[in-house]
Amino acid sequence: GGCGKAFCYICGEDWDKHTKDHFNCNKYKIEMEKKRIANEKLEKMVKDDIDLKQLFSEEKDILKKRKKYERFKFYYIRYRNYEKSIEECDKKLRENLNEKISLLNAMHNLDIFKLKFITSALETLIKAIKNLKNSYILGYFIKDNDKKDAFENYQGILEYNTENLYEILVYRNLSTFIDLDSDNFITLFSEYEKSLETFTDITEKYRKEFMDDIENKFNLDLDNDLLK
């Protein structure tokens, strides 16, 4: 799958359930559209049945509360998954990368300063994940309209690039470089450095643009009912 795991770290669902357009899992509207269609079918069923009409009226109040709960759950799950990712990156991944940096310094006599691009990539990754985590708090309160569509589209772009950066940091194992002979190491590690720096720059670019657009461009409308 796109994140290299058996599940999507954004929504927590099995990766097999995702289509090729899997970055729609940040969009609450798509999930709600499926439920709207199901509710329309139910309304047609009860249209000419008096007993069912009364029952359906009572159910609507329950459904309204349930809808608010489902909305909250959708955004909270994604918020919490990003919170877990921050903990993982700031502890396990940081420790792992620092260990590999020390080994590269010892085995290939690389200056620690020249390996700073690795820790810089990690810091960019953590900043992007923190911004994405908080964007789901904002997403919960935004009215479902065209402005929110623009917000979610850019949110999805940042998620895509953040995942790419995560993949190269986690799955391009630095251990493979440690035992290489001198000639192969210089060539392959140079390619790795360029690749990681490119993904870092792209992710940072979209992170800054997303934050700037939230503040200055999107002009988002908040749902007053959800603020109560």
Side-chain angles (χ1 to χ4, degrees), residues 1-15 18 22-23 25-26 77-137 154-212:
C3 63
K5 299 181 180 180
F7 62 91
C8 173
Y9 77 95
I10 296 170
C11 67
E13 292 289 337
D14 291 343
W15 191 254
H18 287 67
H22 58 277
F23 283 96
C25 63
N26 71 311
I77 286 171
R78 285 150 180 78
Y79 170 89
R80 187 70 184 109
N81 285 341
Y82 274 122
E83 196 166 58
K84 290 176 182 176
S85 293
I86 292 168
E87 293 170 6
E88 177 194 335
C89 291
D90 210 16
K91 293 178 182 177
K92 290 181 181 179
L93 185 55
R94 187 183 296 280
E95 288 174 7
N96 181 272
L97 291 176
N98 284 337
E99 180 185 333
K100 298 301 187 296
I101 286 170
S102 296
L103 286 171
L104 287 167
N105 171 253
M107 299 295 290
H108 293 282
N109 199 29
L110 285 175
D111 192 305
I112 294 293
F113 182 77
K114 289 183 178 179
L115 295 169
K116 191 178 178 182
F117 72 93
I118 299 173
T119 52
S120 293
L122 177 62
E123 298 307 329
T124 295
L125 176 67
I126 291 172
K127 281 191 294 183
I129 293 174
K130 284 180 177 178
N131 289 155
L132 286 167
K133 179 190 79 168
N134 292 329
S135 74
Y136 279 97
I137 298 175
Y154 222 104
Q155 184 187 50
I157 291 170
L158 179 57
E159 285 180 326
Y160 174 78
N161 286 284
T162 300
E163 186 176 344
N164 284 337
L165 182 58
Y166 178 85
E167 279 194 4
I168 194 172
L169 273 174
V170 172
Y171 297 112
R172 295 275 188 91
N173 196 333
L174 286 172
S175 299
T176 58
F177 296 108
I178 292 169
D179 296 326
L180 290 174
D181 61 61
S182 180
D183 291 336
N184 284 326
F185 174 79
I186 292 170
T187 302
L188 294 174
F189 194 72
S190 177
E191 290 174 358
Y192 171 80
E193 180 179 0
K194 288 176 183 176
S195 177
L196 184 55
E197 286 181 335
T198 297
F199 279 112
T200 301
D201 290 344
I202 291 172
T203 303
E204 180 64 5
K205 170 182 176 289
Y206 283 115
R207 186 193 71 80
K208 285 182 176 179
E209 286 183 3
F210 184 49
M211 293 297 100
D212 184 64

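Looking at N98, its side chain does come within 3.5 Å of a backbone N or O of R94 through a donor-acceptor pair. A side-chain donor-acceptor contact under 3.5 Å links T119 to the backbone of K116. In terms of modelled atom types and a separation under 3.5 Å, the side chain of T162 and the main chain of I129 share no donor-acceptor contact.
Within the 4.5 Å cutoff, no side-chain heavy atoms of M107 are placed close to those of F177. In this structure, L188 and T176 have side chains that are not in contact, with every pair of non-hydrogen atoms separated by 4.5 Å or more. Looking at heavy atoms from C-beta onward, L93 lies in side-chain contact with L125 at the 4.5 angstrom threshold. Between Y192 and L174, the closest side-chain pair of non-hydrogen atoms falls below 4.5 Å.
The environment of R80 atom CZ is dense: over 12 non-hydrogen atoms of other residues, nucleotides or ligands sit within 6.0 angstrom. The number of heavy atoms from other shown groups lying within 6.0 Å of CG (D111) is above 12.
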(request) Test K205 against E209 for salt bridge (Lys or Arg N to Asp or Glu O under 4.0 Å), laying out the working first. (result) CA-CA 6 Å; K205 170 182 176 289; E209 286 183 3; 3.2 Å; yes

(request) Take E167 and F199, measure what side chain to side chain contact (heavy atoms under 4.5 Å, CB included) needs, and give me the verdict at the end. (result) CA-CA 10 Å; E167 279 194 4; F199 279 112; over 6 Å; no

(request) Decide side chain to side chain contact (heavy atoms under 4.5 Å, CB included) for N161 and I157; before the verdict, give the C-alpha distance in whole Å, the side-chain angles of both, and the deciding distance to 0.1 Å. (result) CA-CA 6 Å; N161 286 284; I157 291 170; 3.7 Å; yes

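Note that NZ of K130 and CG of L132 are 13.0 Å apart. Values are rounded to the nearest 0.5 Å. Atom CG of residue N164 and atom CD1 of residue I168 lie 9.0 Å apart, to the nearest 0.5 angstrom. A distance of 10.5 Å separates OG in S85 from CD1 in I126, rounded to the nearest 0.5 Å. Between atom OG1 of residue T203 and atom OH of residue Y166 there is a gap of 14.0 Å, rounded to the nearest 0.5 Å. Atoms CZ and CG, from F189 and L196 in turn, are 9.0 Å apart once rounded to the nearest 0.5 Å. The line from CE of M211 to OG of S135 is 6.5 Å long, rounded to the nearest 0.5 Å.
Of all non-hydrogen atoms in I137 and Y79, the two that sit nearest each other are CD1-CE1, 3.5 Å. Nearest heavy atom pair, residue L165 against residue A121, reads CD2-O, 3.7 Å.
A parallel orientation is assigned to the rings of Y154 and F210, their planes being inclined by less than 30° (bins at 30° and 60°). Relative orientation of the H108 and F185 rings is parallel, given thresholds of 30° and 60° on the angle between their planes.
Between the side chains of Y82 and E159, a donor-acceptor pair is found at a separation under 3.5 Å.
Between K127 and E204 a salt bridge is recorded (basic side-chain N to carboxylate O distance below 4.0 Å). Salt-bridge check for K194 with E197: failed, with every basic side-chain N at 4.0 Å or more from each acidic carboxylate O.
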